[in-house]
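Each remark here refers to the structure printed beneath this line.
What's counted below: heavy atoms across the whole structure, side chains too, no hydrogens, waters or symmetry copies. Note that the structure is a prediction, hence the values are computed from the model and not measured.
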Amino acid sequence: MIETILKLSPHIRYAATNINEILLMKAKDDAENQSSEETDKYEELLVNPTILKLLEARGKMNCGGLDYVLIKYGSFFQFVQTVGNGHVSVCISQKNNVSETVDLIRTFLAKRSNS
């Protein structure tokens, strides 16, 4: 799944899955301003699951659920979405139309879940 996500757009810098407590991560070799693999690991193991859990609980209250989370850091966007028993996380360059890249990712994930 990660390889396919990385190929969806030249603006995708990094992709990770944490499904059934199995963490897989990969960054493009030419990605600018890469964070360390160690901080990425803790983001995927601690930060993103916690953010999803909190926002999913809030979404269930009276918001119609949660589709995905988009975080704007200083030099990039981080897309996070629950899939199955875990999540997918994608780092997107800020030098593009982020909503188009998010649409590409969401379309891929929807097709994958329907097959």
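- Note that CG of N48 and OG1 of T82 are 10.0 Å apart. Values are rounded to the nearest 0.5 Å.
- What you find for M25 and A16 is that their closest heavy atoms are CG-CB, 3.9 Å.
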*Worked check of side chain to side chain donor-acceptor pair (under 3.5 Å) between N96 and S9*: CA-CA 10 Å; N96 77 103; S9 168; 5.3 Å; no
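- No option in Y14, F76, F79 other than F79 meets the side-chain contact (heavy atoms from CB on, under 4.5 Å) test with I92.
- No path of Ile, Leu, Val, Met, Phe, Trp and Tyr side chains, each step under 4.5 Å between heavy atoms, connects V69 with L54, placing them in separate hydrophobic clusters.
- Note on I105 and V98: same hydrophobic cluster, where clusters join Ile, Leu, Val, Met, Phe, Trp and Tyr whose side-chain heavy atoms are under 4.5 Å apart, directly or indirectly.
- Under a 3.5 Å cut-off, the side chain of K28 and the backbone N or O of L6 do form a donor-acceptor pair.
- Atom-to-atom distance recorded for C63:SG and L55:CG is 9.5 Å, nearest 0.5 angstrom.
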task: Before giving the answer on side chain to side chain contact (heavy atoms under 4.5 Å, CB included), spell out for T101 and V90 the whole-Å C-alpha distance, their side-chain angles and the decisive distance to 0.1 Å.
output: CA-CA 10 Å; T101 305; V90 181; 6.0 Å; no
So M1 and L109, side chain to side chain contact (heavy atoms under 4.5 Å, CB included) or not? Walk me through it. CA-CA 9 Å; M1 180 187 322; L109 293 174; 4.0 Å; yes
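- For E21, the CD atom sits in a loose shell: 12 or fewer heavy atoms of surrounding residues, nucleotides or ligands are nearer than 6.0 Å.
- Listed for the K72 side chain is a donor-acceptor partner under 3.5 Å among the backbone atoms of G74.
- Atom CZ of R13 and atom OG of S75 lie 5.0 Å apart (nearest 0.5 Å).
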**Report entry** side chain to side chain contact (heavy atoms under 4.5 Å, CB included) evaluation trace for V80 with I51
**Finding:** CA-CA 9 Å; V80 187; I51 288 170; over 6 Å; no
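- Closest of all the heavy-atom pairs between P49 and E43 is CD-O, 3.9 Å.
- Remark: T4 OG1 to F108 CZ distance equals 4.5 Å, nearest 0.5 Å.
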Note to self: For E100 and L104: C-alpha separation, side-chain torsions, deciding distance, then whether side chain to side chain contact (heavy atoms under 4.5 Å, CB included) applies.
What the structure shows: CA-CA 6 Å; E100 287 179 10; L104 290 171; 5.8 Å; no
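- Paired with V83 under the rule side-chain contact (heavy atoms from CB on, under 4.5 Å), one option of I19, N18, T17 passes, and it is I19.
- A single hydrophobic cluster is not seen to contain both I2 and L45; linkage of ILVMFWY side chains at heavy-atom distances under 4.5 Å, directly or through other members, places them apart.
- For the atom pair CG of L8 and OG1 of T107, the computed distance is 9.0 Å after rounding to the nearest 0.5 Å.
- Expressed to the nearest 0.5 Å, how far NZ of K26 lies from CD of E3 amounts to 3.5 Å.
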